[in-house]
Protein chains: 2
Amino acid sequence: MAASRELRLVRKELVVDLGARSYPIVIGSGLLRDGELIRRHLAGRQVCIVTNNIVAPLHLAAVRDTLPAQDLDVCILPDGEAHKTLDSYAMIIEHLMSHRHNRSTTIIALGGGVVGDVAGFVAATYQRGVAFVQMPTTLLAQVDSSVGGKTAVNHPGGKNMIGAFYQPRLVVADLDTLATLPDSDYRCGLAEVIKYGVIKDRAFFEWLETNVDALLRRDTAALSYAVLTSCSTKAAVVAADEREEGVRAILNFGHTFGHAIESLTHYECLHGDAVAIGMVMASDLSARLGLLARDQARRIKELLASFDLPVTPPGNLNAEAMQQAMGMDKKVLNGRLRLVLVRALGDVFVTDSFDHGALLATISAGGRLCDG
Amino acid sequence: MAASRELRLVRKELVVDLGARSYPIVIGSGLLRDGELIRRHLAGRQVCIVTNNIVAPLHLAAVRDTLPAQDLDVCILPDGEAHKTLDSYAMIIEHLMSHRHNRSTTIIALGGGVVGDVAGFVAATYQRGVAFVQMPTTLLAQVDSSVGGKTAVNHPGGKNMIGAFYQPRLVVADLDTLATLPDSDYRCGLAEVIKYGVIKDRAFFEWLETNVDALLRRDTAALSYAVLTSCSTKAAVVAADEREEGVRAILNFGHTFGHAIESLTHYECLHGDAVAIGMVMASDLSARLGLLARDQARRIKELLASFDLPVTPPGNLNAEAMQQAMGMDKKVLNGRLRLVLVRALGDVFVTDSFDHGALLATISAGGRLCDG
């Protein structure tokens, strides 16, 4: 009884409210094996699972065995951001054509953000759109990329330059898949989890402060709460602004700094790590501008550090390169660099009006960020 | 005064009613030079005109001169359906990236259906969607492909297999562009015009019967009425069913037969010609099934013929190949071949339930279609 009771306790569902395009996010243990749940969201008999060569050996058999009655085939991408390209997209399209998938097929993305983004763009455009199910297997994908309908591939000239807004029919966040995640990937997911506390939910931020140990040992109950709360916040923001014409931009907290760091390190700094540093920089700038109390800025930095996330820009980044990478040459001149700044834990806003000198001080602060 | 009065008379506007995605279709003379109209629908300063090597010498200068204040560049595709490919799509994306187009750019499609479909798919997916304006320069594109938000490219395995539903901000149907259209292209547009009479509007069908000469000499007033009425019908159907989940399928009247003919003739039979033959076959089948009065079926055939459209399948098409091409092997067996059939002029319906023998008789009727 104890086991089944715990299973019930950790299975939770929330709905992304987008009218006719609303869909559930189900969070819990053993979900990849829940055939009844998954079948309810398939469009027809045909299914194509898109996954990669790292995830397939771990989880593909479970999903395949769960759907014995489906006309199911599998398309396996090589792992990594380097394969989030129009070529991978075209390869999946070829697969669907050669396996004669029709308009009532369902594409299941089983994997992290790259698999979800590429497979989602395929689902958005194959025969002008087919049913799509997300099965994120990384913490980052569970709390971020699988929710909200952004699909895309990269172009050599920029990340996510080609894509579509396209909502899935179902997101299945099976917490069991997080057990096998490398520490670095897990940590990167936690950076986004902390982001939700800062941008919208002070109580959640404080819950995170008191649950560091449980999360570090990947305790299922703690993870369930963290993923549910993160997805709830993201779902609410997306429901208010599906196509990022307004409030959705707050989800980019830390990301303008973070993207510059990723770019300058040629993506050797992982996305979550870069966002962690970016959040510290945005908090530091907010404090410098007198918007955010110094002790709150420090708590943001400390919470990130307690999860082993980096909180200082790489030593070899100089301030000038950082300005360049943030597009300041082009953008600040016509006043368009927009940043998400913090007024208090749980309260952020988007602005393109701030003191340039304070921004330069933040960029040059190095290890002294948030320590003033 | 007379000239300006006529200009006013032939300029008409209707709105495709899709809530937040509603947009106007403006029909008339001299519209490509109406900078005020076009500028009102641009998202920002950047504009990319996508056109082809046939249309560019005829109309590009007019549009370019109309928008002197815009940061404008041009991407020219080779003419023809053979270039409605993922390669052309990728080429336009490259162009946009290398010319640094941002999220607030506007893509203008200046040309026929191929240009509109490819450029529209680019607009739907560049940076997850940018502003899009259609300037159709063929009759077929003005009454059909530029209205309704279907964008796509072909795959070697099938037409329009990759695409998106994406609505433009504005459709500008400049009737002056029809003056330079080759007869064969003009005729193909008329096939779709007649389609609207058959599927929804008996009065329009009868107006067409009495205005054959005016339309054949491309009289602007007659064309204005024909394009406006066609677009109104299409707009109403699209507004009722944007993503073709129901009634929108009636727009495929004649197209299931037509696509089979196009495919069997390796696209030597033009789309409009094939649809004309397909409409005669669908009318013949409707009459055989006792749904449609024989004299009405005959009027459909005669109206098509009066515009020099073909009304008999190519002689070298045998009935068996036709059945195959219509997908009857796969589809009829599980009862899924859906056809649009006619109950009366202006009244059609979609069904997958009809007598197979009657269909075979239609396919085998050759020159005796609708003559029973």
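Everything numeric in this text was worked out from a predicted model, so none of it was measured. Letters go in sequence order (proteins before strands), and every chain restarts at 1.
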Are the side chains of [X] and [Y] in touch, meaning some heavy atoms are under 4.5 Å apart?
{"X": "Val122(B)", "Y": "Phe132(B)", "result": "no"}
{"X": "Arg169(A)", "Y": "Leu42(A)", "result": "no"}
{"X": "Met91(B)", "Y": "Cys75(B)", "result": "yes"}

### From CD (Gln70(A)) to OG1 (Thr105(A)), nearest 0.5 Å
9.5 Å
### Query
Of all the residues in residues 142-164 of chain B, which have a heavy atom that comes within less than 4.5 Å of a heavy atom in chain A?
Lys150(B), Thr151(B), Ala152(B), His155(B), Gly157(B), Gly158(B), Asn160(B), Met161(B), Ile162(B), Gly163(B), Ala164(B)
### NZ/NE/NH1/NH2 to OD/OE distance under 4.0 Å, Asp71(B) and Arg45(B)
yes
Main-chain N/O of [Y] paired with [X] side-chain donor or acceptor, under 3.5 Å:
{"X": "Gln134(B)", "Y": "Ile108(B)", "answer": "no"}
{"X": "Tyr126(A)", "Y": "His101(A)", "answer": "yes"}
{"X": "Thr125(B)", "Y": "Arg128(B)", "answer": "no"}

#### Entry: chain B neighbours within residues 234-258 of chain A, where any heavy atom lies under 4.5 Å away
Arg243(A), Glu244(A)
### Message
If only side-chain N and O atoms count, and only distance matters, is there a donor-acceptor pair under 3.5 Å linking Glu81(B) with Tyr267(B)?
### Response
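There is no such pair (donor and acceptor under 3.5 Å, judged by atom type) between the side chains of Tyr267(B) and Glu81(B).
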